[in-house]
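Okay, handing you the structure first.
Letters go in sequence order (proteins before strands), and every chain restarts at 1.
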2 protein chains.
Amino acid sequence: MTKAKTPKLSELLRRGEIFAVECPSREILKHVTSRWGVLVLVALMEGTHRFSDLRRKVGGVSEKMLAQTLQCLEKDGFIHRVSLPVVPPHVEYSLTPMGAEIGRKVESLADWIEINLPTILAAQRAG
Amino acid sequence: MTKAKTPKLSELLRRGEIFAVECPSREILKHVTSRWGVLVLVALMEGTHRFSDLRRKVGGVSEKMLAQTLQCLEKDGFIHRVSLPVVPPHVEYSLTPMGAEIGRKVESLADWIEINLPTILAAQRAG
DNA sequence: CGGAATCCAAGATGATACTG
DNA sequence: CAGTATCATCTTGGATTCCG
């Protein structure tokens with residue numbers, strides 16, 4: 001790790017950077033708020049799951065998208081992947097401490113929507 | 001409005017519905033967590049904005065997507081739109097009370113990512 | 001100024017088949 | 001079981017143009 005490129009924290013932490021096109025936060029936000037990313041994070045809040053468990057739990061997700069989503073969130077450091085070297089293969093997914101933190105935010109959002117859904121639907125009809 | 005189809009609240013409020021393909025919450029979640037939906041909600045947390053203000057503030061958004069996003073969130077009851085009948089046109093957007101609630105969740109998520117970005121990027125490189 | 005309408009490129013997603 | 005590879009499709013998103 002070279003020291004040359006280390007940016008000032010104050011630069012990275014300033015609020016409002018997210019509105020800039022080139023802000024790296026946007027990429028992370030995209031992963032986390034992606035169609036399947038949200039549901040996978042919420043699912044993993046309940047604990048470790050195997051691939052096929054997640055596939056069954058998250059209704060409608062294809063193998064491809066689940067694999068892709070898991071890899072992406074693993075690369076971001078939100079998901080921990082453990083592959084047991086046995087046949088048939090056995091792979092477990094869980095949240096890292098960081099994943100659990102962001103998972104709480106996402107879950108909170110999802111819960112709010114589920115709870116307020118009747119109100120939202122009523123507003124839609126009234127509008 | 002017929003009464004026949006009104007579902008039991010207990011049905012709609014049960015946690016985990018979001019994992020079902022047909023759960024209506026998924027649509028709302030999609031709107032709120034959409035690429036521009038997140039940024040628009042966060043932007044409006046700071047107060048009322050005009051169309052062109054939002055366009056300037058939310059870097060990279062096209063007129064089309066901004067209009068589409070605003071209409072969608074207005075339909076969901078998160079955004080209040082006021083059109084002043086003057087020339088040139090003057091339209092103001094603000095959050096409804098419900099919009100402010102969900103806005104806080106979304107903002108919290110965005111803020112967390114911005115704050116933890118250095119950690120996330122470090123994790124990416126380490127992984 | 002604040003859109004609506006149109007066209008088109010790019011990316012996300014899905015079904016299926018295959019593999020270690 | 002846990003993926004990967006390939007191809008088809010479907011949705012997003014952007015540029016442009018026009019209008020009240």
- Message: Students often get this wrong, so: under 4.0 angstrom with heavy atoms, is Gln68(B) touching a base, only sugar-phosphate, or nothing?
- Response: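 Nothing, no nucleic acid heavy atom in range.
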- Could you list the residues that satisfy side chain to side chain donor-acceptor pair (under 3.5 Å) with Trp36(A), not counting sequence neighbours?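 Partners of Trp36(A) under the side chain to side chain donor-acceptor pair (under 3.5 Å) test: none.
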- Query: For DNA chain C, what residues of residues 31-40 of chain A have any heavy atom nearer than 4.0 Å?
  - Reply: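 Nucleic-acid contacts, sorted: Arg35(A), Trp36(A).
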- Do Ile18(B) and Ile113(A) come close enough that some side-chain heavy atom pair is under 4.5 Å?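 No, side chains not in contact.
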- Got a sec? Which of residues 47-56 of chain A come in under 4.0 Å of DNA chain D, heavy atoms?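 Contacts with DNA chain D under 4.0 Å: Arg50(A), Phe51(A), Ser52(A).
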- Message: Please check this pair: side chain of Arg26(A) against backbone of Phe19(A), looking for a donor-acceptor N/O pair closer than 3.5 Å.
- Response: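 It does hold such a pair.
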- Do Leu66(B) and Val58(B) come close enough that some side-chain heavy atom pair is under 4.5 Å?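 In short, these two side chains do not touch, never coming nearer than 4.5 Å.
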- Item | First encountered from the 5' end of DNA chain C, between Glu63(A) and Pro88(B) |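 The residue whose closest nucleotide sits nearer the 5' end is Pro88(B).
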- Contact check, side chains of Val61(B) and Leu39(B), non-hydrogen atoms, under 4.5 Å: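 Not in contact.
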- Message: Which nucleotide wins on minimum distance to the side chain of Lys64(A), given the candidates dT13(C), dT4(D), dG2(C)?
- Response: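 It is dT13(C).
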- Item | Sidechain-backbone polar pair: Thr96(B) side chain, Gly77(B) backbone, donor-acceptor under 3.5 Å |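 Present.
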- Query: Does a side-chain heavy-atom distance below 4.5 Å link Leu44(B) with Leu54(B)?
  - Reply: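 They are in side-chain contact.
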- Item | Proximity to DNA chain C (any heavy atom under 4.0 Å), residues of residues 89-96 of chain A only |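 Within this stretch, Pro89(A) sit under 4.0 Å of the strand.
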- Using the C1' atoms of the five pairs at each end, what is the angle between the end axes of the helix from dC1(C)-dG20(D) to dG20(C)-dC1(D), to 10°?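 About 50° separates the two local helix axes.
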- Whole-Å gap separating C1' (dT4(D)) and CG (Leu70(A)):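 After rounding, the reported distance stands at 14 Å.
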- Under a 4.5 Å cut-off applied to non-hydrogen side-chain atoms, are Glu101(B) and Pro97(B) in contact?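 No - every pair of side-chain heavy atoms lies 4.5 Å or more apart.
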- CD on Glu92(B) to CZ on Arg81(B), rounded to 0.5 Å: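 Arg81(B) atom CZ to Glu92(B) atom CD measures 11.5 Å (nearest 0.5 Å).
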- Task: Could you go through the side-chain contact (heavy atoms from CB on, under 4.5 Å) check for Leu73(B) and His31(B) one step at a time?
- Result: CA-CA 7 Å; Leu73(B) 293 177; His31(B) 302 165; 4.2 Å; yes
- Task: Scan residues 38-50 of chain B for pairs that pass side chain to side chain donor-acceptor pair (under 3.5 Å), counting only residues two or more places apart or in two chains.
- Result: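 Pairs touching residues 38-50 of chain B that pass the test: Glu46(B)-Lys57(B), Arg50(B)-His90(B).
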- Which whole-number value in Å describes the distance from Met65(A) CE to dA5(D) C1'?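 In whole Å, dA5(D) C1' and Met65(A) CE are 15 Å from each other.
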- Any side-chain heavy atom of Val106(B) sitting closer than 4.5 Å to one from Trp112(A)?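 Val106(B) vs Trp112(A): side chains apart.
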